[in-house]
Amino acid sequence: MAQHFEVHPQNPQARLLKQAAQLLHDGGVAAIPTDSSYALVCRLDDKVAAENLRRIRQVDDRHHLTLLCRDLSELASYARVDNRQYRLLRLGTPGPYTFILEATKEVPRRLSHPSRRTIGLRVPDHPVTQALLEIFGQPLAATTLIPAGESEPLNDADTIRARYERLLRVVVDAGACPLLPTTVIDLSAGEPVLVRQGRGDLGRLGL
């Protein structure tokens, strides 16, 4: 049964986020708010948790999972970037952008694209997400919480609880999110390629 933590959207209660972080460390899958929509997250290095996350979302191993990071200082461990790519990342972080990058060997194979060895990476601009990442102490594997067969992400914590009560360990409730997906930019092959136009403005990246 999912535990429900209702937190302030701007000044989340640290004691509640510490409990949520512990449940994630213990292998749970959580629904959390971000600066684009609610997302499913789990521990990066937990194979069973990642499998559960994919099962809940009903996606296969070709679906990119994204690493939610606190800031770009965590980047080098998980992705290879050149100077131009790094400049784009700096322009888009923190913010509603997902960048697809060449994954390093530090990224478990089950989290990267099976044929391309790429990984999505983003630094969310949401106080609750940032506080949870700070307490958790490492990036989280994530995917947008879009129910199978639907096109729009869920944005209401009560609805998320009702639909996924028995599948999630945690629902972090900080109220409604913007309800727009991230803008996805593929940087893995050199020139930036727009994969999906979302909340992030391309003008901010100079594209």
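Count residues from 1 along the sequence.
To the nearest 0.5 angstrom, Asn52 atom CG is 12.0 Å from Lys47 atom NZ. Atom-to-atom distance recorded for Phe99:CZ and Leu75:CG is 10.5 Å, nearest 0.5 angstrom. Between Leu68 atom CG and Phe136 atom CZ the span is 11.0 Å, to the nearest 0.5 Å. Note that OG1 of Thr183 and CZ of Arg199 are 10.0 Å apart. Values are rounded to the nearest 0.5 Å. With rounding to the nearest 0.5 Å, the separation of CG in Leu121 from CD1 in Ile100 is 11.0 Å. Considering NE2 of His25 and SG of Cys42, their distance stands at 12.5 Å, rounded to 0.5 Å.
The closest donor-acceptor contact from the side chain of Glu74 to the backbone of Arg70 lies under 3.5 Å. A donor-acceptor contact shorter than 3.5 Å is absent between the side chain of Asn155 and the backbone of Ala176. With hydrogens and angles disregarded, no donor-acceptor distance shorter than 3.5 Å links the side chain of Arg43 to the backbone of Ala49. In terms of modelled atom types and a separation under 3.5 Å, the side chain of Tyr38 and the main chain of Ile160 share no donor-acceptor contact. Using a distance-only test at 3.5 Å, with no hydrogens or angles considered, no donor-acceptor pair links the side chain of His8 to the main chain of Ala174. Side chain of Asp35 to main chain of Asp125: a donor-acceptor pair is present (N/O by atom type, distance under 3.5 Å, no hydrogens or angles).
Put simply, Leu23 and Leu145 are part of two different groups of oily side chains (I, L, V, M, F, W, Y) that touch within less than 4.5 Å, one to the next. Both Leu101 and Leu88 belong to a common hydrophobic cluster when Ile, Leu, Val, Met, Phe, Trp and Tyr are linked at side-chain heavy-atom distances under 4.5 angstrom. By the rule that hydrophobic residues join a cluster once side-chain heavy atoms approach within less than 4.5 Å of another member, Val171 and Tyr164 end up as members of one cluster. Under the 4.5 Å side-chain heavy-atom criterion for grouping Ile, Leu, Val, Met, Phe, Trp and Tyr, Leu17 is connected to Phe5 within one hydrophobic cluster. In the hydrophobic clustering of ILVMFWY residues, with side-chain heavy atoms under 4.5 Å counting as a link, Leu187 and Leu91 come out together.
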Residues Leu140, Leu24; criterion side-chain contact (heavy atoms from CB on, under 4.5 Å); working and verdict: CA-CA 9 Å; Leu140 288 164; Leu24 284 165; 4.1 Å; yes
If you apply the rule side-chain contact (heavy atoms from CB on, under 4.5 Å), what do you find for Val123 with Tyr97, and how did you get there? CA-CA 8 Å; Val123 179; Tyr97 302 87; over 6 Å; no
Give the intermediate values and the outcome of side-chain contact (heavy atoms from CB on, under 4.5 Å) for residues His4 and Leu168. CA-CA 10 Å; His4 177 229; Leu168 298 173; over 6 Å; no
Go through Arg161 and Glu6 one step at a time and tell me if the salt bridge (charged side-chain N to carboxylate O under 4.0 Å, His left out) criterion holds. CA-CA 12 Å; Arg161 290 174 64 200; Glu6 187 172 347; over 6 Å; no
Evaluation steps, side-chain contact (heavy atoms from CB on, under 4.5 Å), between Val184 and Leu194: CA-CA 6 Å; Val184 180; Leu194 177 65; over 6 Å; no
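Between Val172 and Pro12 there is no side-chain heavy-atom pair separated by less than 4.5 Å. Contact of the Arg169 side chain with the Gln3 side chain is not registered, since no non-hydrogen atoms from C-beta on lie closer than 4.5 Å.
Residues Gly120 and Thr98 approach most closely at CA-CG2, 4.1 Å, considering heavy atoms. Summarising the geometry of Val41 relative to Ala142, their closest heavy-atom pair is CG1-CB, 3.7 Å, with the distance given to 0.1 Å. Taking all atoms of both residues into account, the shortest heavy-atom contact from Ile135 to Ala14 is CD1-O, 4.0 Å. Considering all non-hydrogen atoms of both residues, Pro33 and Cys177 come closest at CB-SG, 3.6 Å. Residues Leu53 and Val29 approach most closely at N-CG2, 4.0 Å, considering heavy atoms. Minimum heavy-atom separation, Pro153 to Leu179: O-CD1, 3.2 Å.
Using a cutoff of 4.0 Å between basic side-chain nitrogens and carboxylate oxygens, Glu51 and Arg57 are not scored as salt-bridged. A salt bridge does not link Glu102 with Arg117: none of the charged nitrogens is closer than 4.0 Å to a carboxylate oxygen. Using a 4.0 Å cut-off between charged nitrogen and carboxylate oxygen, Arg196 and Asp186 do not count as a salt-bridge pair.
Of the residues listed (Gln130, His126, Arg122), the one engaging Thr34 in a side-chain hydrogen bond (donor to acceptor under 3.5 Å, both in side chains) is Arg122, and it is the only one.
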